[in-house]
Amino acid sequence: MPKIIENLRDDILSESLKIIENEGMDRLSIRHLSSELGIAPSTVYNYYDSKEQIVGALIGMRWEKALDDIDQMCRKKINIQTALSKIVENLRSGVGPLLQFHIASVTSKGSVSEFNFTGTILEPLDQRITILLTGQGTTEEDAKEMAPVLSKLLFTCMYDADLDMDSIFRTIKKI
């Protein structure tokens with residue numbers, strides 16, 4: 001049985017994030033990661049089956065942080081337009097690049113992602129947008145209907161740098 005090193009799972013994720021941020025996504029590999037950590041590649045494989053699985057864990061970690069930020073906005077009853085714009089910023093800077101890499105990597109290999117996009121990202125986001133909307137006076141029924149649409153709009157904004165929530169709101173006001 002392999003020796004389990006305390007906090008190595010967290011160390012792997014932290015070092016992976018450092019490599020991605022400092023050297024770029026293309027430099028992240030199990031071999032490079034294990035070298036930076038001073039451990040054998042097989043040790044990394046004791047915790048994660050692949051680079052894609054590490055990136056999936058990083059997406060989850062970053063998304064949890066984004067959800068915490070949204071929860072704070074819900075408690076403060078922040079203006080919905082401001083909240084949605086901040087959510088887009090979080091998606092673009094934290095989750096988006098990792099998610100785009102993960103999708104491209106899995107697609108290029110012709111494999112299926114193990115990452116539960118709907119359960120991990122969309123459903124929690126829908127719930128929080130519903131809370132944001134009801135905090136602004138929208139009925140719960142209307143908020144539940146609007147939340148999935150807004151969630152998908154946020155993800156569209158994440159992938160399209162020319163699109164932002166402010167331009168969407170300006171367009172809606174013109175209609």
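Since we're looking at a predicted model, the values are computed, not measured. Just the heavy atoms: all of them, side chains too, but no hydrogens, waters or symmetry mates, feed the values below.
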| query | By side-chain hydrogen bond (donor to acceptor under 3.5 Å, both in side chains), which residues pair with E21, not counting sequence neighbours? | reply | R62

| request: Starting from the C-alpha separation in whole Å, work towards a yes-or-no answer on side chain to side chain contact (heavy atoms under 4.5 Å, CB included) for L125 and L150. | output: CA-CA 9 Å; L125 183 58; L150 287 171; over 6 Å; no

| task | Using a cut-off of 6.0 Å, state whether more than 12 heavy atoms not belonging to D26 lie near its atom CG. | result |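 Open.
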
| message | Can you tell me if Q72 has over 12 outside heavy atoms packed within less than 6.0 Å of its CD? | response | yes

| remark: Sorted by chain and residue number, the salt bridge (charged side-chain N to carboxylate O under 4.0 Å, His left out) partners of D142 (sequence neighbours excluded) come out as none

| request: With sequence neighbours left out, write down each residue that passes salt bridge (charged side-chain N to carboxylate O under 4.0 Å, His left out) with D126, or none if nothing qualifies. | output: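 Per chain and number, D126 pairs via salt bridge (charged side-chain N to carboxylate O under 4.0 Å, His left out) with no residue.
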
| said: Under the rule for ring pair (Phe, Tyr, Trp, His ring centres under 6.0 Å), what residues qualify as partners of Y48, not counting sequence neighbours? | reply: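 None.
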
Shortest non-hydrogen contact from [X] toward [Y]:
X	Y	value
V55	L28	CG2-CD2, 4.0 Å
S16	L33	OG-CD2, 3.4 Å
I30	K51	CD1-N, 4.0 Å
Y47	R9	O-NH1, 3.3 Å
S34	V44	CB-CG2, 3.9 Å
H32	E23	NE2-OE1, 3.0 Å

Is [Y] close to [X] at the side-chain level, that is, under 4.5 Å between some pair of heavy atoms?
X	Y	result
T134	T139	no
I70	I129	no
L98	M25	yes
I168	M165	yes
D71	I131	no
R128	M73	no

Donor-acceptor check, side chain of [X] to backbone of [Y], threshold 3.5 angstrom: yes or no?
X	Y	value
Q53	D49	yes
W63	V95	no
S14	D10	yes
R92	C157	yes

What's the spacing between [X] [atom1] and [Y] [atom2] if we round to 0.5 Å?
X	Y	atom1	atom2	value
E15	I39	CD	CD1	9.5 Å
T130	E140	OG1	CD	7.5 Å
F101	L58	CZ	CG	10.5 Å
E52	H102	CD	NE2	7.5 Å
D162	S167	CG	OG	9.0 Å

Under 3.5 Å donor-acceptor pairs involving side-chain atoms of residues 80-91, not counting sequence neighbours:
| unit_1 | atom_1 | unit_2 | atom_2 | d |
| --- | --- | --- | --- | --- |
| S85 | OG | Q81 | O | 3.1 |
| S85 | OG | D166 | OD1 | 3.4 |
| N90 | ND2 | D69 | OD2 | 3.2 |

| said: With clusters defined by side-chain heavy atoms of hydrophobic residues (ILVMFWY) lying less than 4.5 Å apart, directly or transitively, does V149 cluster with I121? | reply: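 Different hydrophobic clusters.
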
| message | Restricting to side chain to side chain contact (heavy atoms under 4.5 Å, CB included), what partner residues turn up for L122, sequence neighbours left out? | response |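 Side chain to side chain contact (heavy atoms under 4.5 Å, CB included) check on L122 returns F117, S151, F155.
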
| Is there a side chain to side chain contact (heavy atoms under 4.5 Å, CB included) between M158 and L99 once you walk through the steps? | CA-CA 10 Å; M158 177 179 71; L99 192 56; 3.9 Å; yes

